[in-house]
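All chains are named by letter (A, B, ...) in the order of the sequence lines, taking the proteins before the strands, and each is independently numbered beginning at 1.
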There are 4 protein chains.
Amino acid sequence: MSIFSVDYKNRKPIWEQLTDNVTDLVLRGLLPLGEAMPSVRAMAAELGINPNTIQKAYVELERRGVIISIPGRGSFVTTDISALLTERLESAAAALSESARAAKEAGIERERAIKIIEDVWGE
Amino acid sequence: MSIFSVDYKNRKPIWEQLTDNVTDLVLRGLLPLGEAMPSVRAMAAELGINPNTIQKAYVELERRGVIISIPGRGSFVTTDISALLTERLESAAAALSESARAAKEAGIERERAIKIIEDVWGE
Amino acid sequence: MSIFSVDYKNRKPIWEQLTDNVTDLVLRGLLPLGEAMPSVRAMAAELGINPNTIQKAYVELERRGVIISIPGRGSFVTTDISALLTERLESAAAALSESARAAKEAGIERERAIKIIEDVWGE
Amino acid sequence: MSIFSVDYKNRKPIWEQLTDNVTDLVLRGLLPLGEAMPSVRAMAAELGINPNTIQKAYVELERRGVIISIPGRGSFVTTDISALLTERLESAAAALSESARAAKEAGIERERAIKIIEDVWGE
DNA sequence: GTGGTCTAGACCACG
DNA sequence: GTGGTCTAGACCACT
């Protein structure tokens, strides 16, 4: 059983599932920084997916700064995730603000919103 | 200038833009309850959009309970929006809870989250 | 004869030649802002290139903010190139600074460097 | 710690990193003229790199006139670097001119370009 | 018709 | 062996 996973039945594109999956694994420290990633072909074989699809995921992962791919040598987990972490922090804050605005628009009371927040942080 | 609007350069499907637009207009009381909606063909001409796309939006609007289509008579705004309102309220609450969970996962502090909420309700 | 061009013999990837070509055309005002781009298939037929390759170029163009692609509707030149312009300005300044540093390292005199600059701006 | 260095995680081909590295060392006088270079196999062992890759770098270095390989004897640093120096000088001047042209095209003012030059020479 | 995803298989430079 | 490019052809939702 691999730590990488994709769900064929999911409507989200496979390449996107994989990029999200790998990004999450890196951010949670489950993929050691600087470590070699499985080769495109190896990952394709492991997941039973076409190499081109894996390639697309790897390109996106490199664009996000999660991995570095070097022709002829392989792909490696980035050694610096600080930018990744702050980026995720800020986008999460923006998303929270956005859904709060929608909630207010829908008629949710200030008190109920705060209660929702406290419930989540109290979990 | 129509009260209905779709943005051709927006990535959201046009039928979805229209359903959201109409739902919003109804919930905000800008479309009188029980009123007749423009016919599919009239709406298509008004917005310069393929009638099939309008048809798809109308089907979705009926499914959501925003309008009622009567064969041979036309489409009418629903006369009871209470279900619609509570539905929107609950889905907004769920969405808020969900993005709060993501924010917590991303490392946002409880205090910052509450501040975001208060900022929104204070706007 | 099309305004779009790629050179099969060039070592630069075709998709990259096309993205650079289109970016240049947009920045020089030869492609009207907001205008519809040729469809992926049309461009592929026009240039005698596989649609997947064109698709790759269009994805990159969208990432750069040069065009906007909308499924089912088509691709359109962006309506706002200000970000594009400032970005090009800054990257050109950085490149100039970089090659100046290399020139200094290679032993070029300050006076000769300034002469090179003045020659170029005097052309 | 060797004076030769390659970065396995750099995108530049390793053979090219090595040729640039050696050329630079020679031009800066850090590799005595006429001195014997490490054998291909020794260099490969020292850097932990495939001998084929080192071989490719050595061939390129000889083509550039940085080293001279004598079959059965080994490779030696060239004894005359004047051609190398002028070549580097001219190519740096050409590169500077080229990036100046690009900067002008991007809309950089003559004054800003000159300021960039002066900043670099003033460092 | 449109863009987007995916598969299958080929070729390249690099190692 | 590696990643990257390209072709050919299929299917999808949206218009």
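The 5' end of DNA chain F is approached more closely, in terms of each residue's nearest nucleotide, by A:S39 than by the other of C:P51 and A:S39.
With rounding to whole Å, B:K9 atom NZ is found 16 Å from E:dG3 atom C1'. Rounded to a whole Å, the CD atom of C:Q17 is 13 Å from the C1' atom of F:dC6. Residue B:M43 contributes atom CE, which lies 17 Å from atom C1' of F:dT15 at whole-angstrom precision. If you measure from atom CD of A:Q55 to atom P of E:dG9, you get 18 Å, rounded to the nearest angstrom. Atom CE of C:M37 is separated from atom C1' of E:dT2 by 14 Å (rounded to the nearest Å). Between the CG atom of A:L61 and the C1' atom of F:dG3 there is a distance of 14 Å, rounded to whole Å. Remark: P of F:dG4 and CD1 of A:I54 are 13 Å apart, rounded to the nearest angstrom.
Looking at residues two or more places apart in sequence or on another chain, you find no side-chain hydrogen bond (donor to acceptor under 3.5 Å, both in side chains) involving D:T78. With sequence neighbours excluded, the residues forming a salt bridge (Lys or Arg N to Asp or Glu O under 4.0 Å) with A:E90 are B:R112, listed by chain and number. Taking the side-chain hydrogen bond (donor to acceptor under 3.5 Å, both in side chains) definition, one finds that B:S75 meets it with B:S69, sequence neighbours left out. Residues meeting the salt bridge (Lys or Arg N to Asp or Glu O under 4.0 Å) test with B:R73, sequence neighbours left out: none.
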How is the base pairing of DNA chain F summarised as a dot-bracket string, given the Watson-Crick and G-U wobble criteria with both distances under 3.5 Å, [ ] for crossing and | for another strand? ||||||||||||||.
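Nucleic acid contact for A:R11: none, since no nucleic acid atom lies under 4.0 Å from a heavy atom of the residue.
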I'd like to compare against my own output: the B/S/- annotation of nucleotides 10-15 of chain E with a strict under-4.0 Å heavy-atom distance to protein. ----BS
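The side chain to side chain donor-acceptor pair (under 3.5 Å) analysis of residues 38-59 of chain A, with sequence neighbours excluded, yields the pairs A:S2-A:E46. Applying the side chain to side chain donor-acceptor pair (under 3.5 Å) definition to pairs two or more places apart or across chains, those involving residues 8-19 of chain A are A:K12-A:D20, A:T19-A:R64.
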Contacts under 3.5 angstrom, residues 24-35 of chain A side chains, donor-acceptor by atom type, not counting sequence neighbours:
from	atom 1	to	atom 2	distance (Å)
A:D24	OD2	A:R28	NH1	3.0

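Considering all non-hydrogen atoms of both residues, B:N21 and B:F4 come closest at OD1-CA, 3.4 Å.
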For D:L18 and D:L47: C-alpha separation, side-chain torsions, deciding distance, then whether side-chain contact (heavy atoms from CB on, under 4.5 Å) applies. CA-CA 10 Å; D:L18 187 55; D:L47 297 175; 4.1 Å; yes
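In this structure, A:S69 does not reach the F:dG3 phosphate: none of its side-chain N or O atoms is under 4.0 Å from OP1 or OP2.
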